[in-house]
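Chain A is the first sequence line, chain B the second, and so forth, proteins listed ahead of strands; every chain is numbered from 1.
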Amino acid sequence: MEYNFKTIEQDWQKYWADNKTFKAEEKSNKPKYYVLDMFPYPSGAGLHVGHPLGYIASDIYARYKRLKGFNVLHPMGYDSFGLPAEQYAIQTGQHPAITTQQNIARYREQLDKIGFSFDWDREVRTSNPDYYKWTQWIFIQLFNSWYNTNTNKAEKIETLVAEFAKNGNAQVKACTSQETIFSATEWNAFSEKEQQDILMNYRLTYLSEAWVNWCPALGTVLANDEVKDGVSERGGHPVERKLMKQWSMRITAYAQRLLDGLETIDWTESIKEAQRNWIGRSVGTSLKFKVQGGLKHRNFLVISSESNTNDFSEEPEDVYIEVFTTRPDTIFGVSFVTLAPEHELVNELTTNEYKQAVDEYVLYAKNRSERERQADVKKITGQFTGAYVVHPFTNEPIPVWIGDYVLAGYGTGAVMAVSAHDTRDYAFAKYFNLPIKEVVAGGDLEKEAYDAKEGKLVNSDFLNGLEVKEAIKKAIAIIEEKSLGKGKTNFRLRDAVFGRQRYWGEPIPVYFENGIAKVLSEDKLPLVLPEVDKYLPTEDGEPPLARAKDWTFETTTMPGWAGSSWYFYRYMNSQNKNEFASQQSINYWQDVDLYIGGSEHATGHLLYSRFWNKFLFDLGLVPKEEPFKKLINQGMILGTSEKIYRGNYNSSQLVGKLFCEKDIYMPGFFAKNIYYSAKNIEFAKANYTKIDELEHLSVLNVPIQNVKNSVLDISKIDDYQNSIFATKYGFWYKNEFHIYKGINGEPVIDNISETDKNFYTFQEVEKMSKSKWNVESPDDICDKFGADTLRLYEMFLGPLELSKPWNTNGITGVHGFLKKLWRLFYASGEFVVSNDEPTKAELKTLHKTIKKIVEDIERFSFNTSVSNFMICVNELTDAKCNKRAILEPLLITLAPYAPHIAEELWKQLGNKESITFATFPAFNESYLVDDTINYPVSFNGKTRFMLELAATMTAKEIEDHVMALADTQKYLEGKTPKKVIIVPKKIVNIVV
RNA sequence: GCGGAUGUGGCGUAAUUGGUAGCCGCGCCAGACUUAGGAUCUGGUGCCGCGAGGCGUGGGGGUUCGAGUCCCUUCAUCCGCACCA
């Protein structure tokens, strides 16, 4: 009987579904293991071959852990709120829920074909009200919490209110945007509105006027991680800065803990580093510079009716510019102070003389888009304000400049410029001819700034002679002593903007009463997404939810990362109606042991979910501070686009992409000279009716490795079997016609003149996407070779973490392996398995394989395990081995990789239960001993031999072993070894 | 600029972690079977050389009896962050 993967795979997929083979239960005396995949966004394009890569890896691991005696949780679901469904809805009027539903159905069908061992009873969908009820619930908890920096955790807002009523806010240490201090008496006298406005400055999710990334094309704001190079990550639309009233998440409260937590988890260094950069901790000090003459420069008087304390007496009030620096040691090198153009003091400081120039500069900076600003960071611009500050130690006047190299949002929006020891300050000083004052010896200031943190301080009064590190300490000490500033840690991380002006997202459960934002009471949840007539913003620019009838709630919705920040807990208890998951379930499953997914979420999902998890941890709702113990980032599978060029090699024009209906590997070819191959021409004419097109045949046939982006030496070509016939409509290759298609997938048929019929193609590797027309579907592989082949092949392609282009070149090799395995059982055409005792060699093959597979799985080296299976089956085929004692353990070992064929053969061996419930075989090291001395190496007059020995052998056993073997080995030339000395590993010194 | 990776046959890769470099697969070559081959089976295949032999893990240096693996240096490619004071 042939290996009929189609029926085998269908049958077993049905069996698994019918029997709920992979159902995970909480009652078990086995240890738990949670294997999680990053759930997909169900897009209209369906799965491509890149999606299952990580799922296959996690499935192998999950199945392996089950066989190893773990109680495994391995769920799957859908991140089903998102922009594409909404865009589609805007274009077609189709409700996004319907599109999403259809896409999910399609995804499910595709996933089922691959034979994953998911427990589908636990499926979650973030757009399902039963699910987003709890996303909203978490939002409410965040709203009702503040961050206590004394206890270093989130606490209920009631504790804060009580403290305010009792002592005011002077003693409260919190992560807050509240700037003013009030007493208990004042607090109690505040109106409700005033109190709520203050509380808003403490809440972990809060409404505030903030600079946001506004994307006009998408009509919504975006979080920092959704903006790349000044354009939106989705769609590539320009993004601008805009001041808006927005919901935000106070993730900055957790900055330090998010940083510290990285030390405790097993993630790749690159992701951890990306998060560290994103959080961007820097330690330094704040420092106040007194403005010379206070605000006497102020030359326009604002008569304020609200304020009655402004009497503009002749005495100028003291005004300070506060800066943040990591190099307080260079305080004596300050040659100017630079403010961001948006800095609040700019207006007040500027003197009459410079007012016009400053105003112009501020306007210029404001109109320069974020993108421009990023694009030409080298461009130096700035303006003197006319004002001076006083150096805190020398009392010298220091000019105050504004410049857009200083960012308003970081630190205090002002820097002390030490032009000698900071690259940007240096460039600024050179450009505007400002003084450069050396205070750390060691650099060549004629050429460039010296910003290394080593060297001795000079020209620095009390710091002179100190090393930089000591000088920093001393400077901070003195600055603090003189109350000029304070040691301080700054983070680059900003609070995350949470509201989106879109329809297809979780409604924010907030309503407004007398201008006060109030959260919905928990028993009213979920706040269900209302119906709207159109999915566009209203005419007044309100978000789509403003169109809903009788909608009295917040009109922005939550961002995509809301639902995905906690979904891994919902899987633990996905049907729960009363809690986001029961405490019992959470305490049983604890956390995710293995998380597999792409690295593109490094500063998005993977940071936000750590944040939410820490918050839930603070509330005592989850037991672990970090949600994902081990993270593996699978590489991307890239698509290969075959691009067609026309014209000469050196001056050519892209006319389209080449589409092959089947999986033919097309090398780049250069169709220039015309060659004919009679045989193929005949075939072509017989099979293709538009014979006149064949007039334009350009023929080329080339051994593939001879083509290397260069014009070919055609004189060497005589292999007509592999000829390529290029016509203006397409090309013939191996007796099939392949049409050229343009960028949009349309055939390229026009625009090609008689004289310009030279085509050539090049492969370009790029990200797989529907818009690039290079998507490869896993379905085709499943249909043609089966799911087991797809699984093995995706693993075989290379190391999991590496990005690699998709090609099907090697798939027959992997498929052949399965057929070969099948033939071990069906050598005579019928199922025959022997019950004989296996030979020593057969046992060695088996145990070697088990050992390697275990090692491979444990270090996630799935590609090598496929090779090891092939070696094993090759050896067993050579030995004509069909013994049960060998094949049965082999099938269990293989089951995680190729579950369908393993199940089928397992059943035919007479087993009643699914192979899922078998026990993974242990290997026996003693079968792996080899009796031969392999080769000699000379060392210090002695002879060393490489031996393959069992790791468990004692020194005595090795010595006896070597002595017994020695005389049979030619390397000893008949001499008897006198002494055997064992050095580390498998090397043995034999003194002759 | 800072940070993270990666460099091994024609290609994807492997190497028991310091021990005979190139396992396994693709491709290619030869043969068998076949109406045919994008099927199957057998053998060969790092490079140079008829050969003995020599050379080989991006380049250069070092440690070592021994280096793809460790150290120094340099080059190339990819990814992330980027005027963060």
Nearest-angstrom distance, [atom1] atom, [N] to [M]:
| N | M | atom1 | answer |
| --- | --- | --- | --- |
| B:U69 | B:G25 | C1' | 24 Å |
| B:G19 | B:U34 | P | 50 Å |
| B:A21 | B:G68 | P | 8 Å |
| B:G18 | B:C55 | C1' | 23 Å |
| B:G80 | B:U63 | C1' | 35 Å |
| B:G7 | B:G60 | C1' | 16 Å |
| B:U45 | B:C11 | C1' | 14 Å |
| B:G54 | B:A5 | C1' | 36 Å |

Between [X] ([atom1]) and [N] ([atom2]), how many Å, whole number?
| X | N | atom1 | atom2 | answer |
| --- | --- | --- | --- | --- |
| A:R281 | B:A85 | CZ | P | 12 Å |
| A:M795 | B:C26 | CE | P | 19 Å |
| A:K804 | B:C78 | NZ | C1' | 15 Å |
| A:Y450 | B:G1 | OH | P | 18 Å |
| A:E794 | B:G25 | CD | C1' | 16 Å |
| A:I402 | B:C83 | CD1 | P | 19 Å |
| A:E269 | B:C81 | CD | P | 17 Å |
| A:H815 | B:U40 | NE2 | P | 8 Å |

Pick the nucleotide of RNA chain B nearest each of A:V415 and A:N863; which residue has the one closer to the 5' end?
->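 In this pair, the answer is A:N863.
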
Upstream residue (5' side of RNA chain B) when A:W278 and A:D878 are each assigned their closest nucleotide =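 Of the two residues, A:D878 wins.
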
Determine yes or no for a side-chain-to-main-chain donor-acceptor pair under 3.5 angstrom, with A:K852 supplying the side chain and A:I850 the backbone.
->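 No: the side chain of A:K852 does not pair with the backbone of A:I850.
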
When syn is taken as a glycosidic angle within 90 degrees of 0, is B:U17 syn or anti?
->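 Judged by the O4'-C1' to base torsion, B:U17 sits in syn, the angle falling within 90° of 0.
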
In terms of base orientation, is B:G43 syn or anti, with the syn window spanning 90° either side of 0?
->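 Anti.
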
Any strand counts, and the cut-off is 3.5 Å on both contacts for Watson-Crick or G-U wobble. Which nucleotide pairs with [N]?
| N | answer |
| --- | --- |
| B:U6 | B:A76 |
| B:U40 | B:A32 |
| B:G68 | none |
| B:G53 | B:C48 |
| B:C24 | B:G12 |
| B:C81 | B:G1 |

Tell me which nucleotide among [options] gets nearest to the side chain of [X].
| X | options | value |
| --- | --- | --- |
| A:K784 | B:G38, B:A15, B:A85 | B:G38 |
| A:R859 | B:A85, B:A14, B:A15 | B:A15 |
| A:V406 | B:A5, B:A14, B:A85 | B:A85 |
| A:F796 | B:G25, B:A85, B:G80 | B:G25 |
| A:D422 | B:G4, B:A14, B:A85 | B:A85 |
| A:E273 | B:A15, B:A85, B:G4 | B:G4 |
| A:R823 | B:G4, B:A85, B:C41 | B:C41 |
| A:N874 | B:G25, B:A14, B:A82 | B:G25 |

Do A:F785 and A:L790 come close enough that some side-chain heavy atom pair is under 4.5 Å?
->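 Side-chain contact under 4.5 Å: no.
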
Partner of A:Y793 under ring-ring contact (aromatic ring centres under 6.0 Å, His included), chosen from A:F862, A:W806, A:Y897 =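 Looking at A:F862, A:W806, A:Y897, the match for A:Y793 under the ring-ring contact (aromatic ring centres under 6.0 Å, His included) is A:W806.
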
Using a 4.0 Å heavy-atom cut-off, does [X] contact any base of the nucleic acid, only the sugar-phosphate backbone, or nothing at all?
| X | result |
| --- | --- |
| A:K852 | nothing |
| A:S867 | base |
| A:N868 | nothing |

Kindly say if [X] contacts the phosphate of [N], meaning a side-chain N or O under 4.0 Å from OP1 or OP2.
| X | N | result |
| --- | --- | --- |
| A:R492 | B:C81 | no |
| A:T603 | B:G80 | no |
| A:Y405 | B:A85 | no |
| A:K272 | B:G4 | no |

Would one find more than 12 heavy atoms of other residues, nucleotides or ligands at under 6.0 Å from atom NZ of A:K437?
->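 Counting other residues, nucleotides and ligands, NZ of A:K437 exceeds 12 neighbours.
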
Exceeds 12 heavy-atom contacts within 6.0 angstrom, atom CD of A:E2 |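 Not more than 12 within 6.0 Å, no.
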
Would A:T845 and A:E875 satisfy side-chain hydrogen bond (donor to acceptor under 3.5 Å, both in side chains), going step by step from the backbone distance to the final call?
-> CA-CA 7 Å; A:T845 298; A:E875 287 178 10; 2.8 Å; yes

A:F336 ring center near A:F428 ring center (under 6.0 Å) |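 That pair passes the under 6.0 Å test.
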
Can the ring centres of A:H815 and A:F5 be said to be less than 6.0 Å apart?
->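 Yes, the ring centres sit under 6.0 Å apart.
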
Should the pair A:Y364 and A:Y361 be assigned to parallel (<30°), tilted (30 to 60°) or perpendicular (>60°) ring geometry?
->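 If you compare the ring of A:Y364 with that of A:Y361, the planes turn out tilted.
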
